Novice: 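Provided herewith is a single structure, encoded as C-alpha cells, for subsequent inquiry.
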Protein chains: 2
Amino acid sequence: MSFPNPRHDHGRCVSGALKTAENKSRALGLRFTKTRRKVLEILWQSHSPLGAYDILDRLQEDGRRPAPMVVYRALDFLMEAGLAHRLSSRNAFIGCSAPDDHHEAQFLICDQCGSAAEVEARPIAKAVEETAASAGFRVQHRVVEITGICPNCQN
Amino acid sequence: MSFPNPRHDHGRCVSGALKTAENKSRALGLRFTKTRRKVLEILWQSHSPLGAYDILDRLQEDGRRPAPMVVYRALDFLMEAGLAHRLSSRNAFIGCSAPDDHHEAQFLICDQCGSAAEVEARPIAKAVEETAASAGFRVQHRVVEITGICPNCQN
DNA sequence: CACCAAAGTGTTATGATATAACAAAACATA
DNA sequence: TATGTTTTGTTATATCATAACACTTTGGTG
C-alpha cells in the first residue's frame, strides 16, 4: 500500500491494528498487557518511526515517566510477536502494518517528513536470496531501509 | 568477490587499500592525514566490522587514548570519501572494498565469526529502484544488510 | 481455594554509541 | 611570512540500550 494519503482516517488504522494485535496475541497464547498495548498504540498514532525515548515521553502523559527498560521490554515483545519493527538506520520503531503473515519487510523512509512505509517487495526479497545463495551465504535476517523523499513531500 | 579465503595474504589487502585511499584522496584534493590513515588501516586490519570504540582501543596502542570525536571525525571523512562504510544494523564500520567506483553497496554479515562481505549486487539494486519508483519514492540512500552464516562458518 | 511456578513489571544503576562547542595547531597559498 | 581554511585536541554532554534484582500479577494444579 506504501505511503498513505495524509487525509485518511488514522484513528481507524490505530484501532484496527490494536484489534489485530489482540487477536494475534490470543491466538499465539501471548499476553497482550496494558503496557504493551499502550506502546503499540503510541507507535501507531505516530506517522513516523519513534525512538524508544520518544515513546517514553508519550507514556509519561498517563502519570509519571517510566524507566527506559519498560519501553524496551514492551518493544522486544512486540517485535518478537511480529507486531512491530525496528529501523536500524534510525534507531527507531514502527508498528508492523502486516502482522498477519510471516513476512520479510522493507522500508521506505522519508528524510523530509520522517514517515516510513513498510513494503513487501518480492523482487527485492528474491534478489537478496539469490545474491546470498551465490555467495554461499545462509540468510537469517534482512535489513532493507531506503531513505529519500516520499510522494507526499515531492510537491 | 564476497567472503575471502581465510588464508589469503591479508597484509597485502591492507597495504593495497591504503595505497588506493591515498591515490583517491590526492585525486580528489582531500587530505589523507595521519589519523585518517591510521583509522582506515585499523578498519582493514580487522576481519570484521569495528565499533567506533573498538577503533579507539586500537588507536590507543600508539600512545594514549584519544577522545571519541577523533575517531568519529575520521570515520566521517572516510565515509564521505567513499573509503569506508557504516553498518547500521551493528553500529559498526568497515573499509570499503571497492573505493574506485561510485557504488551502492550491500553487505552480508556473519553472525558467527562477525565478518562482513561487501557485495555489489545489481539485481538487488535494480529491485530497490523499481520498488521505490512504483511507490513514487525518490531514493537517496540505501541500507541493505543481510545477516546469517558465511560459507567459512558452515562447516 | 491455596499454592506454586512462570511471566511480567518497577527501579536503580550502568554500559555503549554519538555529537556539540570552542580553542589550538597544521596546512595551503598568496 | 601573513592569511584564511582545514584539521585536531579536549571537555562536556546527549542519546540509545541493557544488567540485575526485588516485587507483583497471572494462570494452572492439587
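Treat the numbers as computed from the prediction; the structure is a model and nothing was measured. Below, chains carry the letters A, B, ... as their sequence lines are ordered, and counting in each starts from 1.
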Novice: Below 4.0 angstrom from OP1 or OP2 of dT25(D), is there any side-chain N or O of Thr33(A)?
Specialist: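 Result: no.
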Novice: Give a yes or no on whether Gln140(B) atom CD has more than 12 heavy-atom contacts from other residues, nucleotides or ligands under 6.0 Å away.
Specialist: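 Above 12, so yes.
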Novice: CD of Gln154(B): more than 12 outside heavy atoms within 6.0 angstrom?
Specialist: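 Counting other residues, nucleotides and ligands, CD of Gln154(B) exceeds 12 neighbours.
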Novice: Give a yes/no on whether any side-chain N or O of Arg31(B) is located under 4.0 angstrom from OP1 or OP2 of dA26(C).
Specialist: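 Checking Arg31(B) against dA26(C): no side-chain N or O falls below 4.0 Å of OP1 or OP2.
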Novice: Using a cut-off of 4.0 Å on non-hydrogen atoms, how would the nucleic acid contact of Arg65(A) be classed: base, sugar-phosphate, or nothing?
Specialist: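 Since no nucleic acid heavy atom lies under 4.0 Å of Arg65(A), the category is nothing.
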Novice: Could you check how far CG of Leu59(B) sits from C1' of dT8(D), rounded to whole Å?
Specialist: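 Taking CG of Leu59(B) and C1' of dT8(D), I get 13 Å after rounding.
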Novice: With sequence neighbours left out, write down each residue that passes ring pair (Phe, Tyr, Trp, His ring centres under 6.0 Å) with Phe77(B), or none if nothing qualifies.
Specialist: none
Novice: Could you tell me the separation between the NZ atom of Lys34(A) and the C1' atom of dG10(C), rounded to a whole number of Å?
Specialist: 14 Å
Novice: What is the distance, rounded to the nearest whole Å, between atom CZ of Phe77(A) and atom P of dA7(C)?
Specialist: 13 Å
Novice: Who passes side chain to side chain donor-acceptor pair (under 3.5 Å) against Thr35(A), sequence neighbours left out?
Specialist: none
Novice: Should Glu41(B) and Arg37(B) be marked as a salt bridge (Lys or Arg N to Asp or Glu O under 4.0 Å) after you check the CA-CA gap, both sets of side-chain angles, and the distance that decides it?
Specialist: CA-CA 6 Å; Glu41(B) 184 179 358; Arg37(B) 177 186 187 87; 5.3 Å; no
Novice: Using atom CG of Leu56(A) as one end and atom C1' of dG10(C) as the other, report the distance to the nearest whole Å.
Specialist: 13 Å
Novice: Any side-chain to backbone donor/acceptor pair from Ser134(A) onto Thr131(A)? Under 3.5 Å, distance only.
Specialist: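 Such a contact is found between Ser134(A) side chain and Thr131(A) backbone.
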Novice: Can you tell me the distance, in whole Å, between the CZ atom of Arg36(B) and the C1' atom of dC27(C)?
Specialist: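 Arg36(B) atom CZ is separated from dC27(C) atom C1' by 12 Å.
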Novice: For Phe137(A), enumerate each residue passing the ring pair (Phe, Tyr, Trp, His ring centres under 6.0 Å) test, keeping only those at least two apart in sequence or located in another chain.
Specialist: Phe3(B)
Novice: Spell out protein contact along nucleotides 12-24 of chain C as letters: B when the base is contacted, S when just the sugar-phosphate is, - when no protein heavy atom is under 4.0 Å; keep the 5' to 3' order.
Specialist: B----BBBBB---
Novice: Over how many whole Å does the gap from Leu30(A) atom CG to dT26(D) atom C1' extend?
Specialist: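 Result: 14 Å.
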Novice: What residues form a side chain to side chain donor-acceptor pair (under 3.5 Å) with Glu129(B), not counting sequence neighbours?
Specialist: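 With neighbours one apart ignored, the set is Arg142(B).
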Novice: Quick one: Leu50(A) CG to dT15(D) C1', roughly how many Å, whole number?
Specialist: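 For the pair Leu50(A) CG and dT15(D) C1', the rounded distance is 15 Å.
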Novice: Rounded off to whole Å, could you give me the CZ-to-C1' distance for the Phe32(B) and dT7(D) pair?
Specialist: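 The answer, rounded to whole Å, is 15 Å.
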Novice: Give me the bend of the helix from dC1(C)-dG30(D) to dA30(C)-dT1(D), using the axes of the five pairs at each end, rounded to 10°.
Specialist: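 Inter-axis angle at the termini of the helix from dC1(C)-dG30(D) to dA30(C)-dT1(D): 30°.
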Novice: Look at the side chain of Gln106(B) and the backbone N and O of Ala121(B), then say whether any donor-acceptor pair between them is shorter than 3.5 Å.
Specialist: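 Answer holds: yes.
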